[in-house]
Participant: 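Encoded as structure tokens, here's the structure I'll be asking about.
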Amino acid sequence: MSKVKMISPEVKNVPWQEKPEGLKGAPIWRYSENPIIGRNPIEGVARIFNSAVMPYEDGFIGVFRGEQTNGIPYIYLGRSKDAIHWEFDSNKIPFVDEDGNPFMPLYAYDPRLVKVEDTYYIIWCQDFYGASIGMAKTTDFKTFVRLENPFIPFNRNAVLFPRKVNGNFIMLSRPSDSGHTPFGDIFLSESPDMVYWGKHRHVMGRSSEWWESVKIGGGAAPIETSEGWLLFYHGVSGTCNGYVYSIGGAILDIDNPSIVKYRCENFLLTPEEWYEERGFVPNVTFPCATIHDSVSGKIAVYYGCADSYVGLAFTTVDEIVDYIKTHSHLTESDTEIGRR
Ligand code: BMA
């Protein structure tokens, strides 16, 4: 039984490995068999990474960023019994518009998968006169209906909350440029209907900590806990050899998630294994989902590695919340509720 409560279903078959002996200080530990998805996983797809998974029926389901052999990313559906070994559909997800006509964006990447009430939402980055957010919904993982784009360009990083707050859907996003964006803070927007988005608020900015001094962006769908919304996000540092993407952690106010209660000044995980440091884009750890069990307090974090692989790491809600609180450092830009 955990001290901190996660307000979410029990997931008995959450993937899990105990923390290795002697791993001092680190609040998250990697799965020893990482990466869980290697190169060329589907015919015509060179790499799968930055992907989101969740429990479904008696197993798990996920939406995967598949980089085709022509270099263009699309989203593929995958299923698993244990959330470690995955089987993928050989074709990309066939989105349709609200009239049932085929809709396929020019490209689609970094999908998130979030269930709100009885509907599963997929949120990703696609072209709309530059990088923008695309969305679709499904209730059966057979028909995927494209929704209106929530935001105008440019924006490439959106994460939906798993329940409405004060009656509205809540989405984090990171406005950007159309290129490799040398800046970026996390903002929050609300919607009564998943069509019209407003009440935009600033949540948190890139910080003075070196590991996240260039830009930050939402990661996994926030986990509701008795301490607030637990958010795993990515933070980017600029080096003379390019960007380095690490995983960070914060806890947002439960009723007003634009307020940051705690924000960890240390990264939780940074590239250091071969599959994180070496690949199509070296030095990237990019969280997109968690699977978590409210009874045991176990959390499995899914993250893209070096734009080439999917990795899995573990923590518990007690350990991660304690670590974030112990190492919390807030700045003025984390606590404002947004300039009107
Ligand atoms: C970001 C996104 C991610 C990617 C990262 C590192 O801008 O495009 O998909 O993992 O760059 O290349």
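Whatever order the structure lists ligands and atoms in, that order sets their numbers, starting from 1. Only this structure's heavy atoms are used, side chains among them; waters, hydrogens and symmetry mates stay out.
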Participant: Numbering the atoms of ligand 1 from 1, which are under 4.0 Å from a heavy atom of Arg65?
Facilitator: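 So the atoms of ligand 1 that pass are 9 (O).
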
Participant: Can you tell me if Ser191 uses its side chain to pair, donor with acceptor, with the backbone of Tyr196 under 3.5 Å?
Facilitator: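 Here the side-chain-to-backbone pair exists.
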
Participant: I need the nearest protein heavy-atom contact for atom 12 (O) of ligand 1: residue, atom name and distance, please.
Facilitator: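 Checking every protein heavy atom, the shortest distance to atom 12 (O) of ligand 1 gives Asp307 OD2, 2.7 Å.
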
Participant: State the atoms of ligand 1, each with its element, that fall below the 4.0 Å cut-off from a heavy-atom position in Val281.
Facilitator: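 Atoms satisfying the 4.0 Å criterion: 12 (O).
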
Participant: Do any nitrogen or oxygen atoms of Arg156 lie less than 3.5 angstrom from nitrogen or oxygen atoms of ligand 1?
Facilitator: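 Between Arg156 and ligand 1 (N or O atoms, distance only) the closest approach is not under 3.5 Å.
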
Participant: Using the six-membered ring wherever Trp is involved, compare the ring planes of Tyr120 and Tyr56 and label them parallel, tilted or perpendicular (cut-offs 30° and 60°).
Facilitator: perpendicular

Participant: Do the side chains of Glu98 and Arg146 get close enough for a salt bridge, i.e. N-O under 4.0 angstrom?
Facilitator: no

Participant: Does atom NZ of Lys199 have more than 12 heavy-atom neighbours, drawn from other residues, nucleotides or ligands, at distances under 6.0 Å?
Facilitator: no

Participant: What about Phe88 and Phe64, are their ring centers closer than 6.0 Å?
Facilitator: yes

Participant: For Asp110, counting its heavy atoms only, list the atoms of ligand 1 lying under 4.0 Å from any of them.
Facilitator: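 Answer for ligand 1: 2 (C), 3 (C), 9 (O).
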
Participant: For ligand 1, is there an N or O atom under 3.5 Å from any N or O atom of Tyr245?
Facilitator: yes

Participant: For atom 8 (O) of ligand 1, what is the closest protein heavy atom, and at what distance to 0.1 Å?
Facilitator: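 Among all protein heavy atoms, the one nearest atom 8 (O) of ligand 1 is Tyr109 CE1, 3.9 Å.
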
Participant: Taking the six-membered ring of Tyr109 as reference, does the cationic atom of Arg65 (NZ for Lys, CZ for Arg) lie under 6.0 Å from its centre and within 45° of its axis?
Facilitator: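 So Arg65 does make the cation-pi contact.
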
Participant: Which bit of Asn157 gets closer than 4.0 Å to ligand 1, counting heavy atoms only: side chain, backbone, both or neither?
Facilitator: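 Neither part.
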
